[in-house]
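Below, all heavy atoms of this structure are taken into account, side chains as well, without hydrogens, waters or symmetry copies.
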Amino acid sequence: MVISLPERLAAGAPGWDTTADVVVVGSGIAGLTAALRLRDHVGKVLVVTKDVLSAGSTQWAQGGIAAALGPGDTPAQHERDTLVAGAGACDLQAVRTLVTEGPEAVRELIALGANFDHSSDGVLSLTREGGHHRDRIAHAGGDATGAEIQRALVAAIKEAPDIEVIEHALAVDLMLDENGGVSGLTLHVMGEGQRDGVGAVRCRAVVLASGGLGQVFSQTTNPSVSTGDGMALALRAGAVLRDLEFVQFHPTVMYLGPQSTGQQPLISEAVRGEGAFLVDFAGNRFMQGQHELADLAPRDVVAKAITRRMQEEGKQHMWLDARHLGAAFWEKRFPTILATARLHGVDPVTELIPVAPACHYASGGVATDLWGRSTVPGLYATGEVACSGVHGANRLASNSLLEGLVFSRRIAQVLPAELSAYAEPAPDSRRPGVVSATVRTAMQATMTERVGVLRNADGLALAAKDLEDLAQTEGEEGTAAWETTNLVSISAALTAAATLREETRGSHWREDFPARDDEHFAGHVDVVLVDGAPSVRFHPSPATDGGAA
């Protein structure tokens, strides 16, 4: 099935323009870290964000940030856990970079002003999450780590007047020079920003830090802004997207009923790290015997176990039992989760929490090297929008904030020396188009049913057919239609990648190919846009989960 997609978004001619040396798209930990570290080395830095500076996925991170900071822990142990969770699909050098540079990066974040939790004797508090064999998760405000990190970074940005910020701005498309490199970026500022309508930013480089694709699915832990814009923009510009099929479904998302869609409440893995456990409707602890870490097994293992038990019992969810933690512990360690659960009518102190898997994190994205370079000259990517190779087939808990921190720092080390001169945009011959915003709900339903936790060839083929039909439903230019076009484009690329990978590995679960197959599928699936259609190719590479130091 060939799915024909727009090669660029149909948008009006820019009505305003500006210049910057580097444009950073996104205002989470990855984007703001990149901006802060670039500001003294590249001239003008412009940060554009779709909402306000404090929005995005970073603020929703409950568990914390993983690094080998505790007594007895080492980067080698963190590396081993990361590789095992990644199910053989990690890039070994990327993981080694992450765990080696991670501790210093976290210490610098603390020095910047992020207030992490400490014990009464002043020692950094560390906890454990799924897949980790050591207590190495630093947290803040109990379960408000992301919000505290975001607060500290936003404060630092506001104290840096030389960094320009445009809020409420959707990145539309890259402008490319005659050699296919970055020469600028078109934006649409949505009413409340500093400028109105479509504009053009002439620049020498773009750093994508725009987050993930969670709104591809009907239920997700991601905020509403996570519509895959950066990935879709990169795909249309000729960049390689890698490993899109590895979408992590968080096992314990609060179940609000079959009609609830959009962003759902996350019940952090840290709750299980503190002793909570999963039970079925008969009260049985079904993770016992499933994995050596039981309820703290890697996320793909837990999500699959919950899904299987739901199928066996004909239920829409399972239960998380954290009653034994007690009121005082809940109020100190997980105040945000406690308040959210109570808001939705469940008191975790006295009641079981209904949970089911929901889309949480994209382990794949814009393919980059160890320095954040994409395959398009002048385009860099960091954080969830990128595929740096550290997550493989299944992200290890709390490695995501660390990835954004470490690889944004690395981009800032090399980008200044790699900046080329301003280049004139070449005439844009890419075919414009826009998909109607009215198809978004149907697209999400198709992706959830056929390309969600469980996949098979028949379902993937039906999804591809549905997406081809939806992609031909033309719409009017505007933010909702542009976001829908991005979602349909990424859905098509993801479906093509999932169809090619005929095995089960990590977060990619093929019912018709239930075993992992290193002989044929150890490696990566790359997607590019060819004549407006996703084209997939497989690149073999040795499995890495046996290669830990």
- Between the side chain of H250 and the main-chain N/O of T221, is any donor-acceptor distance below 3.5 Å? no
- Query: Side chains of T368 and F407: closer than 4.5 Å at any heavy-atom pair?
  - Reply: no
- Hey, does the side chain of Q472 reach the backbone of S4 with a donor-acceptor pair shorter than 3.5 angstrom? yes
- T544 side chain vs C90 backbone, donor-acceptor pair below 3.5 Å: yes
- Message: If you compare all heavy atoms of L174 against all heavy atoms of A237, which two are closest, and at what distance to 0.1 Å?
- Response: CD1-CB, 3.6 Å
- Any donor-acceptor pair under 3.5 Å from N222 side chain to G214 backbone: yes
- Heavy-atom side-chain contact between T340 and M254 under 4.5 Å: no
- Specify the closest pair of heavy atoms between S491 and V216, including all atoms of both residues, with the distance to one decimal. OG-CG1, 3.5 Å
- Query: Without hydrogens or angle criteria, can the side chains of S27 and T49 be said to hold a donor-acceptor pair below 3.5 Å?
  - Reply: yes
- Can you tell me if T473 uses its side chain to pair, donor with acceptor, with the backbone of V435 under 3.5 Å? no
- Query: Would you say W482's side chain and A10's backbone share a donor-acceptor pair under 3.5 angstrom?
  - Reply: yes
- Task: Please examine the side chains of L32 and L53, heavy atoms only from C-beta on, and report whether any two atoms are closer than 4.5 Å.
- Result: yes
- Of all the heavy-atom pairs spanning T495 and A464, show the shortest one and how long it is. CG2-N, 4.2 Å
- Note on the structure: For D173, the side chain to side chain contact (heavy atoms under 4.5 Å, CB included) test, sequence neighbours excluded, returns R8, L9, T186, R236, R430
- Query: Does one side chain, of T227 or K50, offer a donor that lies under 3.5 Å from an acceptor on the other?
  - Reply: yes
- Assess the side chains of N394 and Q248: does a donor N or O sit below 3.5 Å from an acceptor N or O? yes
- Got a sec, which residues hit side chain to side chain contact (heavy atoms under 4.5 Å, CB included) with E474, two or more places apart in sequence or on another chain? none
- Query: How about V253 and H360: do any of their side-chain heavy atoms sit closer than 4.5 Å?
  - Reply: no
- Message: Tell me if a side-chain donor or acceptor on R431 pairs with a main-chain N or O of L5 at a distance below 3.5 Å.
- Response: yes
- Query: Ring centres of F249 and F217 under 6.0 Å apart?
  - Reply: yes
- Item | side-chain hydrogen bond (donor to acceptor under 3.5 Å, both in side chains) pairs, two or more places apart, involving residues 197-216 | D21-R204
- Message: If we ignore hydrogens and angles and just use 3.5 Å, is the side chain of R505 paired with the main-chain N or O of A87 as donor and acceptor?
- Response: yes
- Task: State, without any angle test, whether T261 and Q444 hold a side-chain donor-acceptor pair at a distance under 3.5 Å.
- Result: no
